[in-house]
Visitor: 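Take this structure first; my questions come after.
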Amino acid sequence: MSDMNIDELSKVEDVTASFDSKDIEENKTMAILAYLSILVVIPIVMARESKFAMFHVNQGIVLAVIEILAGVILRVLGWLPGIGFVVRIVISLIGIVCLILLIIGIMAALNGQAKKLPVVGNFTFIK
């Protein structure tokens, strides 16, 4: 197992050059919606043919899955004596990280960029 430092975790791959500039301009709004919880359905339905929007939909879904799993874990383990407090702290930290990643994703979409999110950007649910 290789040693990974914080610099390696924070590196983001910018794949903007692989997208059509017209697609980017026409679908920035759809890309932004991809990060807003249930609103991810809108770009899935309305911009299914947009590679740019689907790139951001995938990242938005990854964040949503992480948040859902964190919520389930909190509900299952959060009430246990002794570890409940620690679980709540860890889940809260995960929530803060997800919020930061969400803002990074929205800013990238707003700026017409396709940058993979740090740490979670390589997970793929939708192509």
Visitor: Anything under 3.5 Å between a donor and an acceptor, one on a side chain of residues 82-98, the other on a protein residue two or more places apart or in another chain? List them.
Guide:
from: Arg88; atom 1: NH1; to: Gly78; atom 2: O; distance (Å): 2.6
from: Ser92; atom 1: OG; to: Arg88; atom 2: O; distance (Å): 2.8

Visitor: Any chance you could measure Leu110, atom CG, to Ile103, atom CD1, to the nearest 0.5 Å?
Guide: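 Going from the CG atom of Leu110 to the CD1 atom of Ile103 covers 12.5 Å.
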Visitor: Taking only residues at least two apart or on different chains, which pairs with a member in residues 20-40 satisfy ring-ring contact (aromatic ring centres under 6.0 Å, His included)?
Guide: Tyr35-His56
Visitor: Assess the residue pair Lys51 and Asp23 against the criterion (side-chain contact (heavy atoms from CB on, under 4.5 Å)); give the C-alpha distance rounded to whole Å, side-chain angles, the decisive distance to 0.1 Å, and a yes or no.
Guide: CA-CA 8 Å; Lys51 288 176 63 179; Asp23 179 20; 3.9 Å; yes
Visitor: In the structure I gave you, are the side-chain heavy atoms of Lys115 and Glu13 within less than 4.5 Å of one another anywhere?
Guide: no
Visitor: Under 3.5 Å, side chain of Ser50 to main-chain N/O of Ala47, donor-acceptor pair present?
Guide: no
Visitor: Does CZ in Phe19 sit with more than 12 non-hydrogen atoms of other residues, nucleotides or ligands closer than 6.0 Å?
Guide: yes
Visitor: Check whether Asn27 reaches the backbone of Met30 with its side chain - one donor and one acceptor, N or O, closer than 3.5 Å.
Guide: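 Pair absent, no side-chain N/O of Asn27 close to backbone of Met30.
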Visitor: Identify, with sequence neighbours excluded, every residue that meets side chain to side chain donor-acceptor pair (under 3.5 Å) alongside Asp14.
Guide: Thr16
Visitor: Say you draw a straight line from CG of Asn122 to CG of Leu117; how long is it, rounded to the nearest 0.5 Å?
Guide: 10.0 Å
Visitor: Please tell me whether Leu39 and Phe52 are part of a single hydrophobic cluster in this structure, the criterion being side-chain heavy atoms less than 4.5 Å apart.
Guide: no
Visitor: Is Ile106 reachable from Met54 through a run of I, L, V, M, F, W or Y residues, each pair having side-chain heavy atoms under 4.5 Å apart?
Guide: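 Yes, Met54 and Ile106 fall within the same hydrophobic cluster.
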Visitor: Given the rule that I, L, V, M, F, W and Y join up when any side-chain heavy atoms are under 4.5 Å apart, are Val62 and Ile73 in one cluster?
Guide: yes
Visitor: Output all residues satisfying salt bridge (charged side-chain N to carboxylate O under 4.0 Å, His left out) with Lys28, sequence neighbours left out; order by chain, then residue number.
Guide: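 Result, salt bridge (charged side-chain N to carboxylate O under 4.0 Å, His left out) vs Lys28: Glu25.
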Visitor: Suppose we screen for side chain to side chain contact (heavy atoms under 4.5 Å, CB included). Which residues come up paired with Leu69, at least two apart in sequence or across chains?
Guide: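 Result, side chain to side chain contact (heavy atoms under 4.5 Å, CB included) vs Leu69: Val65.
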Visitor: In Å, rounded to the nearest 0.5 Å, how long is the span from CD1 of Ile61 to OG1 of Thr124?
Guide: 11.0 Å
Visitor: Applying a strict under-4.5 Å side-chain criterion to I, L, V, M, F, W and Y, I'd like to know whether Val40 and Ile32 cluster together.
Guide: yes
Visitor: In this structure, would Val57 and Leu63 fall into the same cluster of hydrophobic residues linked by side-chain contacts under 4.5 Å?
Guide: yes
Visitor: Is there a side-chain contact between Phe55 and Lys116 (heavy atoms, below 4.5 Å)?
Guide: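 Yes, their side chains come closer than 4.5 Å.
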Visitor: Only pairs at least two apart or in different chains count here, so list each side chain to side chain donor-acceptor pair (under 3.5 Å) that has a residue in residues 101-113.
Guide: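 Not a single pair qualifies under side chain to side chain donor-acceptor pair (under 3.5 Å).
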Visitor: I'd like to know if the side chain of Asn58 reaches the main chain of Phe123, judged simply by a donor and an acceptor atom lying under 3.5 Å from each other, with no hydrogens or angles considered.
Guide: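 Between the backbone of Phe123 and the side chain of Asn58 there is a qualifying donor-acceptor contact (under 3.5 Å).
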Visitor: Residues in side chain to side chain contact (heavy atoms under 4.5 Å, CB included) with Arg75, at least two apart?
Guide: none
